[in-house]
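Inspection log for the structure reproduced underneath, given as structure tokens.
Every chain is numbered from 1 and lettered A, B, ... according to where its sequence line falls, protein lines coming before strand lines.
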Amino acid sequence: MMLIHCPYCDEKRPEIEFAYAGEAHIVRPNAAEQQAMDDVEWSKFMFIRDNKRGEHCERWWHANGCNMYFNAVRNTVTDKFIKSYKIGQKRPSAAQIQKWKDQANG
Amino acid sequence: MSSDIVFDQAVEIPDILKSGDVVTTLVGERTRLSLRVKAADRIAVAKALGITLPAKIGKTNTKAGIMIACLGPDEWFIVGEKAKYSNLYNKALKLSSKYVMSVTDVSFRNVAVELTGPKVAEIVNVGCPLDLSLAAFPVGKCTRTVYEAAPIILHRLSEDSFAMECWRSYAPYMVGLMTAHVQGQRV
């Protein structure tokens, strides 16, 4: 079983306590912006995702734990978690992700 | 609070779990409150209620028969003897007009068992994948986790005893898993 680090509990916890919640950092348009959007644009916001191969920023929910959502960078090829971080923190740059990877590799 | 309602625990502990390496007992009626308070208001609300709300997730505070566990950054679980609560719930209700917070009486939602014995971690680990070594799960730690498919709240009472509570409808399932393990069945 995979262990996932929860930034709120600050612990590595078993994977079955968590639920995946899709790609991170997708900002929901506000009411005025939604009014101005046509169906094509709205469907892009709703359904179209990068489906990235490699390092992917995604949301996770610690459902059977502290009940918080957080973001994590995970490699979709190796399934390795590189780093998890709290909601509100900005999307990490490629350089930042590389730095985390270097730290993890000592 | 609903003091005249008889609480049906909905589960019985089979004899095989009552003796042996790990002794399982069904905990009688308890009062349970779910308290949600913004982290910024934690100290003010705790002071007004006359209790201590631990700041860190997993930490507990047990005083005068009331156990308070921090389950999330803005969530506390309060459990203890029924008689101790009459004021706490009403005080919290009144406070909720002043702060962004909520208090819910969830007494009848959960059923709790206490497990005691030298091999207690083994029984808990039948369904719970957490590391239960004393270093990773010290005495007093309390967290929400899972027991196979059932969400539980796990609290370490001492080196060799745990309290484990789950939703009432999951209780026969949880106790059934423990029984099957003790009987040597594969689960």
Problem set entry | Top contributor to chain A interface from B/I152, B/V146, B/T145 [non-hydrogen pairs under 4.5 Å] |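 The residue among B/I152, B/V146, B/T145 with the greatest pair count is B/T145.
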Problem set entry | Between B/P151, B/G58, B/P73, the one whose heavy-atom pairs under 4.5 Å with chain A are most numerous | B/P73
Problem set entry | Residues, nucleotides or ligands: over 12 heavy atoms within 6.0 Å of B/K18 NZ | yes
Exercise. Is the number of heavy atoms from other residues, nucleotides or ligands within 6.0 Å of CH2 (B/W167) greater than 12?
Worked result: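 At most 12 heavy atoms, drawn from other residues, nucleotides or ligands, come within 6.0 Å of this atom.
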For this session: For chain B, find its close neighbours in residues 29-64 of chain A: heavy-atom separation under 4.5 Å, sorted by number, or none.
Result: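 When heavy atoms of chain B are the reference, residues 29-64 of chain A contributes A/A63, A/N64 within the under-4.5 Å range.
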Exercise. With distance as the sole criterion, is a donor-acceptor pair present between the side chains of A/R13 and B/T143 under 3.5 Å?
Worked result: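 Note: A/R13 and B/T143 side chains meet the donor-acceptor criterion.
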Please determine whether residues [X] and [Y] belong to a single hydrophobic cluster, defined as Ile, Leu, Val, Met, Phe, Trp and Tyr linked transitively by side-chain heavy-atom distances below 4.5 Å.
X	Y	value
B/L71	A/I4	no
B/L26	B/Y173	yes
B/L132	B/I153	no
B/F162	B/V139	no
A/F81	A/Y20	yes

Exercise. Is chain B contacted by the side chain of A/E15, its backbone, both, or neither, given a heavy-atom distance below 4.5 Å?
Worked result: neither
Exercise. Going by side-chain heavy atoms closer than 4.5 Å, which hydrophobic residues are tied to B/I43, directly or by a chain of links?
Worked result: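 The other cluster members (ILVMFWY side chains, heavy atoms under 4.5 Å, direct or chained): none.
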Problem set entry | Approximate separation, where rounding is to 0.5 Å, of B/K141 NZ and A/E11 CD |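 One gets 3.0 Å once the value is rounded to the nearest 0.5 Å.
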Exercise. If you look at every heavy atom in A/I16 and B/P129, which pair is closest and at what distance?
Worked result: CD1-CG, 4.0 Å
For this session: With side-chain contact (heavy atoms from CB on, under 4.5 Å) as the test, would you mind laying out the steps for A/E17 and B/L130 before giving the verdict?
Result: CA-CA 10 Å; A/E17 288 185 358; B/L130 289 182; 3.7 Å; yes
